[in-house]
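The chains referred to below are lettered A, B, ... by the order of the sequence lines, with proteins before strands, and numbering in each begins at 1.
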Amino acid sequence: MTTATDVPVRRRGVLRAVLATARGRITAGFLLLLFACCLLAPVIAPADPLHQNLQEILRTPSGAHWLGTDSLGRDVLSRLLYGGRSSIVGILEGVAAQLVVAVPLGVATGYLGGRFDRFVMRLADIVMSVPVIVILLAILAIFDHSIAAAMITLGVLGASGMMRIIRGTAMTVRQELYVSAAELLGLSRTQIIFRHILPRCRGVIIVQTSLFAALAIGIQTGLTFLGLGPPPPAATWGGMVNEAATTLSTQPWLLAPSGGLIALTVLALGVLGDTVRDVTAQNHTSSGGLRVKPARRRPDVAQAPVPEGTALLSVRDLSVSFLTPRGEVEVLTGVGFDLDAGQTLGLVGESGSGKSVTARAVLGLLEANGAVTGGSVIFDGRDLTRATRRQLAALRGTRIALISQEPMVALDPSFRIGSQLSEIVRSHARLSREAARRRVLELMEMVELPDPEEMAKRYPFQISGGMAQRVAIAAALAGSPDLLIADEPTTALDVTVQADVLALLRRLQRETGMAVLLVTHDWGVVADICTHVAVMYAGQVVEQAPVEQVFGAPAHPYTAALMASSPEKAPRRTPIDAIAGAVPPPGAHPDGCRFRDRCALSAAECADDDIPLVRLNEERVSRCIRTELLQAQP
Amino acid sequence: MKGTATAEEAAELTVSDLVVDYPIGRRRHRRAVDGVSLSVPAGRAVGLVGESGSGKSSVAKAVLGMAPLSAGRITYGTTVLNDLRGPARPQDIQVVFQDPYSSLDPTKTIGYTLQEPLRAHCARTGRSLSAAARDELVRAMLAKVGLPAGTAERYPAQFSGGQRQRISIARALILQPRLLICDEAVSALDLSIQAQILNLLLELHLELGLSLLFITHDLSVVNHVAEDLVVMFRGRVMESGSAELVYRQPQHPYTRQLVMSAPMQDLEAQRARRERREALALPPARQAPLGEACPFAHRCPFAVDRCRSERPLLRSAPLGGQVACHLAGELPPWSDEHTQPREATGSTTSCP
């Protein structure tokens, strides 16, 4: 159990999570207080809402009348509280009507789909096209100014919108594999709906309800303002606004209590809805949502020594930290390696080892919450960690290019392949349209795309993943780079396509002499194309050497263990030599050797200090102090 | 249930002449599975291997009642599964999916997720099982898949991909199924975690006699686990037979290409594999439309005219197993770098 937190934390309920935020507490508290006060109006109201006192009309707030009096001398506070009762009852009726219609229909249409779904949705379309206000006026006329009837009608008519949103959520949840698993385990549809679909819809239901409540208040106030609700002298919020409007010129204050309270209530409902949405959105992720904030910008790093080597790319002591909800976490610690022209360095490791972060850091493409906190990336004699954004931008694409795991993501689906490549070509060199077109075709031929002329006219979604990776490679080659960074370039491809793409990379490298930094988790890919390997574990390079030496005899226990955990290495249908446990997450690395908890060779001294890189020969280093034991093993 | 259930006999899963069409738009459809037959005898591990679009996952979905069947017949023992849905299906067949994240309900504790099938099962069979007994079963199952007992109170978000996959396996096993379908169950996992899960599945298979239908694109994984192999390409079976034979002596040009394309974790062997592959490589070509032709004809280095006009049927192959190739038996012999190591070819440096 290395990745789960050690104290069993129960997932917080939505309500508690909402109350944990300041705006949640304020809005919920306000609404609750309002609700309680209105409910208790007969007890706490300072005066009878209908009691007139013509001697004291249109007063501003005073000790006797906290919110003043209206044009008939009635106490405004009392009238607000009594008026609030009918408003709240109205909202509850509307919300209840909407929930009763929208939730069952939304969940059922979303989960069941099919003919039932189509029928209900057409019905909803019709309801949505009906002008609500006309219906409401008719209802009020028929039911003798009954606000309850109007609110229930509004709830039912408004349900089609909420139903659509619930249906959308239910459709997404239906695709989840755990719903399929539940079906296979013999749960009935009803059980699945109540146990798996509905709980996931809870968030949208709460949000929609609070938004609808805000809308209902507005509509109800509007209706009572127009005198369509209970006739005077009954207290209603809309009626009070109406009264205040008639005396606006003589006593503007009168508008403040009623108008202000309505505005505050609507605002509180809206903010509460937003808070619930934010909380439910992050509730199911372990990180609780990533705050995007730069970690400390590389502080005064001691002036790095002038590059001594002649390597094209020389990474020295590179450290990278990310700011997470749990604080700043070091993801890379003192990573270093060299890469020369014509070489292919495989950066090998499991997820969490930091191999992709290393590749991104070289390009200066860390995410917004990450930063280089130490070390240097010397490319062709220049330290890229000190380069400005503009200098980096000038290098990317021309001297250093990147291909990623998802070629489709690198291509814009709304433009033809030819025009995308042409744009890249023309950004590197001032070429005429025709010259650019020729260069594009040349590039496409270079990456062995069949029928380039025709292929150039296609859109990215019209080609296969393997073809898309070839296009991405063509784009990377457009600037004739000296260094190609390939981040898991073949992981998403089928093996036969992977073999083609690797063959292509090998040929291109032979022809152009570029250096390749290849991030991969696949030893087979390393064996196929790499000249050198840097094995990474928990944010450190643990071994670096030419491939022949690594495959011949691994010099770090992790390298050996990782190689042995391939099914290729075990006799068929016998247990594989798996490494127990898992890679410790950043921030939870053990002291001393980071692999010692999982290592068969670990001894007491492995825990003592940070393990240095031990130089084994001119080209080989290993971060292990017991490496000779490993070499001694058969 | 442990101790209480009548020991149900494991049965054979048989898929015959399966056709699966997915509708695209109103009238058109895409044929994902085109006449596939295979069987998983009781207690046996069968590997179904193919690349993306080969239809391997559609076969799994059809067996699980999650895909539309246009034709064919799927039986488990004497039960015809074709039209069975929901609780009517035998719970003897369970599945572990590829995606460990979408496989668990994020709003439920692991304990709830594992108990739910037990409760549903009890409700269906009218048997009662106390809460304590359920807890005990869940704890035993978690221990069996190598997770600590405290797991039951936690939520999925607190677990890594490998741990979630263990939980998915525990859920699949809680009703003591006889056949486990693993649909790319280890493909999303890191190498060291993949090894742990493979060991677990193999142990369950060997110790409990669980039948496995192991679906993957990774030849080395499937070769490690499976006794029989079925190779699919574009919805059709290209070759089938014992895993040993299909992997060591592939008789279909497609299987050969698949084996040659999988990079090996060994410099010499991979070099040899690559050279052999490059010697046979054809320039990339557009896929020919399916129909009365071999689906592999456009990429096959041995294709003749007949391959483009007549669909090869699966027939007994010269070395054993079955192969769907007109030229089976006439192809150049396959020499395998595992069993016949090539002579060392000087320096192993592969770069200029």
Hey, is B:D99 close enough to B:R164 for a salt bridge, meaning N to O under 4.0 Å?
no
So, A:R506 and A:D528, do they make that salt bridge, N to O below 4.0 Å?
yes
With a 4.5 angstrom heavy-atom cut-off, could you sort out which part of [X] is near chain B: side chain, backbone, both or neither?
X      : answer
A:E176 : both
A:A570 : both
A:P571 : backbone
A:R195 : both

Any idea which of [options] has the most non-hydrogen atom pairs under 4.5 angstrom with chain A?
options                        : answer
B:E203, B:R171, B:Q257, B:M260 : B:R171
B:N223, B:V225, B:V95          : B:N223
B:R89, B:R124, B:R277          : B:R277
B:D266, B:L258, B:N199, B:L189 : B:N199
B:R119, B:Q194, B:M66, B:Q94   : B:Q94

With a 4.5 Å limit on heavy-atom distance, are the side chains of A:R507 and A:E448 in contact?
yes
Give a yes or no on whether the backbone of [Y] and the side-chain of [X] come within a donor-acceptor separation of less than 3.5 Å.
X      : Y      : answer
A:R470 : A:L449 : no
B:T109 : B:Y112 : yes
A:S566 : A:L562 : no

Heavy-atom distance under 4.5 Å to chain A: side chain of B:L198, backbone, both or neither?
side chain
Could you report the tightest heavy-atom contact between A:V173 and A:V179, atom names first, then the distance?
O-CG2, 3.3 Å
